[in-house]
Amino acid sequence: MDLKASLWYFVLFSVTAAYLIVLAGVRSAKSHDVSHHSHRMMVGCTITGIWLVAYVLKQLLFGRESFRGSESQYWSLYVPVFAMHMLFAVTTIGLGAYNLYMGLHRLRYGSVGAMVAGMTTHRRIGTALVWTFSGTMVTAYLVYLMLFVWFNPHYS
């Protein structure tokens, strides 16, 4: 397997692992298990940070992938899905960074758990993050499938 394919698999694996760990953290929050919630969210954020570095590295080393379908498929399928993916991804990164700051700030200054006064913003943003991160994951896999499986002549 070449370096480019290895980086793609690492990018997909790491972001999927981060997503699953974050979902486990959400489950911990819902059961009011603050220590597991904070630990899982820190691990998920760390993996997401590593993923972001790997993705940027892949883009710098190899550039963007080219869509191999027809022009009508490009405009009617790929561009809308990719645009939604970018919207979800940018929203997830922004909300996630802010919510991470909120969680760490509250934890540092004595508030523990989403039931404590002042954590309602953290909880609301966290709920939105589950949806945006889920949208990011679904559209990321769709983009991957369009680039490397469905419209790739090597797999046909």
Side-chain angles (χ1 to χ4, degrees), residues 6-65 67 73-151:
S6 297
L7 279 174
W8 263 112
Y9 286 122
F10 178 73
V11 164
L12 283 174
F13 172 77
S14 62
V15 77
T16 302
Y19 178 69
L20 295 174
I21 291 167
V22 165
L23 287 180
V26 169
R27 186 178 180 133
S28 296
K30 288 185 180 214
S31 64
H32 306 290
D33 186 352
V34 176
S35 64
H36 282 115
H37 170 69
S38 63
H39 180 263
R40 289 174 181 150
M41 291 306 183
M42 288 302 297
V43 170
C45 288
T46 301
I47 293 171
T48 302
I50 293 168
W51 163 82
L52 194 54
V53 170
Y55 184 76
V56 169
L57 178 66
K58 185 207 76 65
Q59 295 290 46
L60 290 174
L61 289 175
F62 301 109
R64 289 189 54 206
E65 299 296 329
F67 181 77
Q73 291 168 331
Y74 176 80
W75 290 106
S76 64
L77 294 173
Y78 181 75
V79 169
V81 170
F82 185 73
M84 288 303 299
H85 174 67
M86 292 305 297
L87 180 66
F88 280 132
V90 169
T91 303
T92 299
I93 291 169
L95 288 176
Y98 180 74
N99 220 27
L100 177 63
Y101 167 76
M102 289 287 292
L104 291 173
H105 180 75
R106 299 284 190 216
L107 192 61
R108 178 180 296 149
Y109 292 107
S111 297
V112 289
M115 298 304 289
V116 176
M119 291 302 281
T120 55
T121 303
H122 180 77
R123 176 185 265 178
R124 285 184 189 134
I125 291 174
T127 301
L129 269 165
V130 169
W131 289 104
T132 62
F133 202 175
S134 297
T136 302
M137 291 301 299
V138 168
T139 55
Y141 274 94
L142 286 173
V143 166
Y144 177 83
L145 288 170
M146 283 190 269
L147 288 175
F148 298 104
V149 179
W150 296 336
F151 300 109

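We use all heavy atoms of the structure for the numbers below, so side chains are in, but hydrogens, waters and symmetry mates are not.
- Here L60 pairs with V56 under the side chain to side chain contact (heavy atoms under 4.5 Å, CB included) rule; sequence neighbours left out.
- Taking the side-chain hydrogen bond (donor to acceptor under 3.5 Å, both in side chains) definition, one finds that H36 meets it with D33, sequence neighbours left out.
- Annotation: cation-pi geometry not satisfied between R64 and Y55 (NZ/CZ under 6.0 angstrom from ring centroid, within 45° of ring axis).
- One finds the OG1 atom of T127 at 9.5 Å from the NE2 atom of H122 (value rounded to the nearest 0.5 Å).
- F62 CZ: more than 12 foreign heavy atoms inside a 6.0 Å radius.
- In this structure, I21 CD1 and H39 NE2 are separated by 9.0 Å, a value rounded to the nearest 0.5 Å.
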Residues 40-50 side chain polar contacts: donor-acceptor under 3.5 Å, at least two apart:
from, atom 1, to, atom 2, distance (Å)
R40, NH1, S28, OG, 2.4
T46, OG1, M42, O, 2.8
T48, OG1, G44, O, 2.8

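- Atom-to-atom distance recorded for F67:CZ and F82:CZ is 12.5 Å, nearest 0.5 angstrom.
- Listed by chain and residue number, V149, W150 satisfy the side chain to side chain contact (heavy atoms under 4.5 Å, CB included) test with L145 (two or more places apart in sequence, or in another chain).
- In this structure the side chain of F88 never reaches within 4.5 angstrom of the side chain of V138, judged on heavy atoms.
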List the steps and the verdict of side-chain contact (heavy atoms from CB on, under 4.5 Å) for L23 and F133. CA-CA 10 Å; L23 287 180; F133 202 175; over 6 Å; no
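- The stretch residues 132-142 participates, sequence neighbours left out, in these side chain to side chain donor-acceptor pair (under 3.5 Å) pairs: T16-Y141, Y19-S134, H85-T139, T92-T132, T92-T136.
- Once rounded to the nearest 0.5 Å, the distance linking CG of L129 with CG of L95 reads 5.0 Å.
- Separating the CZ atom in R123 from the CE atom in M102 is a distance of 13.0 Å, to the nearest 0.5 Å.
- H37 and A29 make their closest contact through ND1-CB, 3.3 Å (heavy atoms, listed as atom of the first residue, atom of the second, distance).
- Listed by first and then second residue, the side chain to side chain donor-acceptor pair (under 3.5 Å) pairs involving residues 73-82 are S70-Q73 (not counting sequence neighbours).
- Annotation: side chain of F148 is in contact with side chain of E65 (closest heavy-atom distance under 4.5 Å).
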